[in-house]
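Working notes for the structure below.
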Amino acid sequence: MFQFHDPRDWFFRARFGMFVHWGIYAINGWHEQEHYRLGMQRDAYRRLASRFNPQAFNPDKWLDLAEQSGMRYIVMIAKHMDGFCMFDSAVSDFKITNTPFKKDIVGMLADACHRRNFHFGVYFSALDNLHKNYPRTGKGHESAAEPGDEPDYDKYMQFIRAQVRELCSNYGKLDMFWWDTNRTGIVDRSVNALIRNLQPSCVINDRGWDEGDFGTPERNYDKSAYAFEAFARPTEACESIGSQSWGFRKDEDYFTPHYLMRRMDMMLSKRANFLLNVGPDADGLIPPEQARILQVIGRWYNRVGEAWQDTGFSCGLTANRDVILTSKNNVLYVHLIEEPKTTSVILNPINILPARATLLNTGEPVGFDLNRLPILHMEPVKTALRLYHLPVERLINELPVIKLEFDRPIENWPVVAVTGQETSTAVQ
Ligand code: GLC
C-alpha cells in the first residue's frame, strides 16, 4: 500500500472524488476551452464575465450529491486555461467578484467543505491564455498571441506564485492542488515548495513544475491494462461523465454508467484514486442527467466499494482475463470487468473452495464448486473454481463484483504468468 506518512495520507483513504469544471464557459455551454478551440478574440471572451450570475449555486447541494455517491473529496476549477478566476484574486480583474454574482465561489465551496469535513482541492491551470505576460511555447492548448502581449516568463511566474499563495492562504485547509498544462517544460521545485509550506495536507499532481505526489492518467482505458501491474506510484485517474467536454455542454453525449463503472473499477483496482468530473450549468446546477448518472454509479459504488479498501491487485492468481481480482487477507474480490459471456466465471488455475461467495451488488449468495471442466482436459490440474448461476442478465447495466471468503490467507497462492492474452470460456 502507498503511504506518505504525513497528513497527505487522506488521499489513500478517500479513493473517489468529484471533479468540477465550472466557469464562464458554462454560459455558451460548448466546451471549457471554447476560447482556444473556437479561436475567440480575448475581448469577446472577457465579455462573458458580465453575464455570469449563477444564482442557483448552492455548494451543499453539490456536496450532498458527491457524498451520496460515495465520493470523499472535491476538486474545483479555481482557474482554467481561460484565466478566469473563480476566486477573488488581488492580481487579476478577470474574476468572479467582478461579475454580477460578485461572491467568491471558491470561498463558498471551501467553507461548505470545511463545515462538513469534506476534502477540498483546487484545479489551477499553469497556462493562462488571456494573460499578456504568458510566455507562449507553441504547444497544445495555447491560443494565438494578440497585439499588446508582453511575453515574460519571470513576470508571469510572479503572477502565478501570487495566485498560488492566495489559494493556499485565503481558503483554510487545502487538500489537493491540481495543476494542469505546464507547457514551459521547466522544472522548478520552488513552486510546489510554496504550496507544501503553506498546506501540509495538500497532495499535488504531476502537471505543474515538478512531478508532484501523484500521476494523472486521463480518459485512459487501455483494455489490456488490467493484465499487467498496479500503478507503481500514487495515481489518480480522471474522467468526465460527458464524452465531449469537461465543462457544461448543452446536448452533451454522456457516457453510460456501466462504461464509467468499468473505467472506475480498472483504475481503483490498480490502486489509483478516481476523480469523476461534472460540469454545472450557468445557473450553478449540476444538470439532472449528470446527477442521475452519479446516483446510479454511487448506488453501485456504495455496495461494492469494499473491494478497493486496502486491497491489493491480484490478477496474477487467475488466467481468466475477463475479470480483475483484488484481495486482502483471506478475501478475494472478483470484478467482472468484461461483459459476461455466460452466467458463470471460471477462475483457473485457482482450485480451492471458498467458505462463502457473495454478490456484493445485491448481497445474494453465489453458487461455487470445483468443476471438472472439459476445457481443462489437457491441463495437469483438471478442476477449477467455478462461480455459477450468476444473475448477469438482471445486472446487465452494472459491473458485478463477487466476494469470496476463504479459510486461509491468499497471499502465498501461486501466481500464473500474465500474458495479456484472452482465455476462452468455451470448449474448443
Ligand atoms: C483535458 C481537457 C482540459 C481539462 C483536463 C482535465 O486535458 O482538455 O480542459 O481541464 O482534461 O484533466
Short side-chain donor-acceptor distance under 3.5 Å, Thr216 and Asn205 | no
Checking Asn277 side chain against His21 main chain: does a donor-acceptor pair fall under 3.5 Å?
-> yes
Check: Asp104 side chain, Val106 main-chain N or O, donor-acceptor pair, under 3.5 Å = yes
Taking it one step at a time, do Phe11 and Phe2 satisfy side-chain contact (heavy atoms from CB on, under 4.5 Å)?
-> CA-CA 10 Å; Phe11 178 73; Phe2 296 120; over 6 Å; no
Ignoring hydrogens and angles, tell me if any N or O in the side chain of Gln290 forms a donor-acceptor pair with the backbone of Gly279 under 3.5 Å.
-> yes
What are the two closest heavy atoms between Ile346 and Arg386, and how far apart are they?
-> CG1-CG, 4.1 Å
Please say whether more than 12 non-hydrogen atoms of neighbouring residues, nucleotides or ligands are located less than 6.0 Å from CG in Asp251.
-> no
So CZ of Arg394 and OG1 of Thr362: to nearest 0.5 Å the spacing works out to 6.0 Å
In this structure, CD of Glu146 is separated from CD of Gln41 (nearest 0.5 Å) by 4.5 Å
Flag the pair Trp300 / Asn361 as yes when at least one side-chain heavy-atom distance between them is below 4.5 Å, and no otherwise.
-> yes
Who are the salt bridge (Lys or Arg N to Asp or Glu O under 4.0 Å) partners of Arg207, not counting sequence neighbours?
-> Asp180, Glu218
When the ring planes of Tyr156 and Tyr134 are compared, do they come out parallel, tilted or perpendicular, using 30° and 60° as the limits?
-> perpendicular
Indicate the atoms forming the closest heavy-atom contact of Asp281 with Ala26, along with that distance.
-> C-CB, 3.9 Å
Applying salt bridge (charged side-chain N to carboxylate O under 4.0 Å, His left out), run through Asp64 and Lys61 and close with a yes or a no.
-> CA-CA 5 Å; Asp64 286 346; Lys61 288 224 170 97; over 6 Å; no
Is there a side-chain contact (heavy atoms from CB on, under 4.5 Å) between Leu336 and Asp265 once you walk through the steps?
-> CA-CA 9 Å; Leu336 276 56; Asp265 193 304; over 6 Å; no
Hey, does Cys113 have a side-chain heavy atom less than 4.5 Å from the side chain of Leu63?
-> yes
Quick one: list whatever passes salt bridge (Lys or Arg N to Asp or Glu O under 4.0 Å) with Arg37, sequence neighbours left out.
-> none
Is the gap between the ring centers of His131 and Phe94 under 6.0 Å?
-> no
Do any N or O atoms from the side chain of Gln199 and from the backbone of Leu174 form a donor-acceptor pair under 3.5 angstrom?
-> yes
Among Trp246, Tyr25, Tyr123, whose side-chain hydrogen bond (donor to acceptor under 3.5 Å, both in side chains) with His80 holds?
-> Tyr123
So, do Trp62 and Phe57 have ring centers that fall under 6.0 Å from each other?
-> yes
For the residue pair Phe313 and Phe231, is the inter-centroid distance of their aromatic rings smaller than 6.0 Å?
-> no
At their closest point, which heavy atom of Glu306 faces which heavy atom of Thr311, and how far apart are they?
-> O-CG2, 4.1 Å
Check: Arg183 main-chain N/O paired with Lys139 side-chain donor or acceptor under 3.5 Å = yes
Do Glu32 and Ile77 come within less than 4.5 Å of each other through their side chains, counting heavy atoms only?
-> no
Qualifying ring-ring contact (aromatic ring centres under 6.0 Å, His included) pairs, either residue in residues 35-55, two or more places apart | Trp22-Phe52, His35-Tyr45, Tyr36-His141
Close side-chain approach of Asp206 to Arg233, heavy-atom, < 4.5 Å | yes
Heavy-atom side-chain proximity of Val20 to Pro280 below 4.5 angstrom = yes
Apply salt bridge (charged side-chain N to carboxylate O under 4.0 Å, His left out) to Arg72 and Asp175, showing your working.
-> CA-CA 11 Å; Arg72 304 274 301 278; Asp175 294 312; over 6 Å; no
side-chain hydrogen bond (donor to acceptor under 3.5 Å, both in side chains) with Ser89: of Glu166, Lys95, Lys79, only one passes, and it is Glu166
Thr99 side chain to Ser50 backbone, donor-acceptor under 3.5 Å = no
Quick one: are Lys328 and Gln309 in side-chain contact, heavy atoms under 4.5 Å?
-> yes
So CG of Leu260 and CD of Glu398: to nearest 0.5 Å the spacing works out to 13.5 Å
Non-hydrogen atoms of Phe159 and Ser92 that approach each other most closely | CE1-CB, 4.5 Å
Closest heavy-atom contact between Leu194 and Arg165?
-> CD1-NE, 3.7 Å
Correct closest heavy-atom pair for Val75 and Val122 would be CG1-C, 3.8 Å
Got a donor-acceptor contact below 3.5 angstrom from the Ser269 side chain to the Thr326 backbone?
-> no
Rounded to the nearest 0.5 Å, what's the gap from CD1 on Ile410 to CG on Leu332? Could you check?
-> 4.5 Å
If you round to the nearest 0.5 Å, how far is CG of Asp88 from NZ of Lys102?
-> 12.5 Å
Pairs touching residues 184-193 that satisfy side-chain hydrogen bond (donor to acceptor under 3.5 Å, both in side chains), sequence neighbours left out = Arg161-Asp188, Arg161-Ser190, Trp179-Asn192, Asn182-Thr184, Asp188-Ser190, Arg189-Glu211, Asn192-Asp210
Is Arg249 reaching over with its side chain to a backbone N or O of Ser243, donor-acceptor style, under 3.5 angstrom?
-> no
Do the side-chain N and O atoms of Glu252 and Ser245 include a donor-acceptor pair separated by under 3.5 angstrom?
-> no
Roughly how far, to the nearest 0.5 Å, is OG1 of Thr358 from OH of Tyr333?
-> 9.5 Å
Got a sec: does the NZ of Lys173 have more than 12 other heavy atoms crowding it under 6.0 Å?
-> yes
Just checking, is any N or O donor in the side chain of Arg136 or Asn129 under 3.5 Å from an acceptor N or O on the other one?
-> yes
Please list, chain by chain and in numerical order, all residues satisfying salt bridge (Lys or Arg N to Asp or Glu O under 4.0 Å) with Asp213, sequence neighbours excluded.
-> Arg8, Arg196
With a 4.5 Å limit on heavy-atom distance, are the side chains of Trp178 and Cys238 in contact?
-> yes
ring-ring contact (aromatic ring centres under 6.0 Å, His included) filter on His119, not counting sequence neighbours, yields Trp10
So Met86 and Leu109, side-chain contact (heavy atoms from CB on, under 4.5 Å) or not? Walk me through it.
-> CA-CA 11 Å; Met86 294 293 268; Leu109 182 62; over 6 Å; no
Test log, rule side-chain contact (heavy atoms from CB on, under 4.5 Å), inputs Leu48 and Glu34 | CA-CA 12 Å; Leu48 283 175; Glu34 65 175 15; 3.2 Å; yes
Close side-chain approach of Val304 to Met261, heavy-atom, < 4.5 Å | no
Could you tell me whether Phe16 and Trp308 have their ring centroids closer than 6.0 angstrom?
-> no
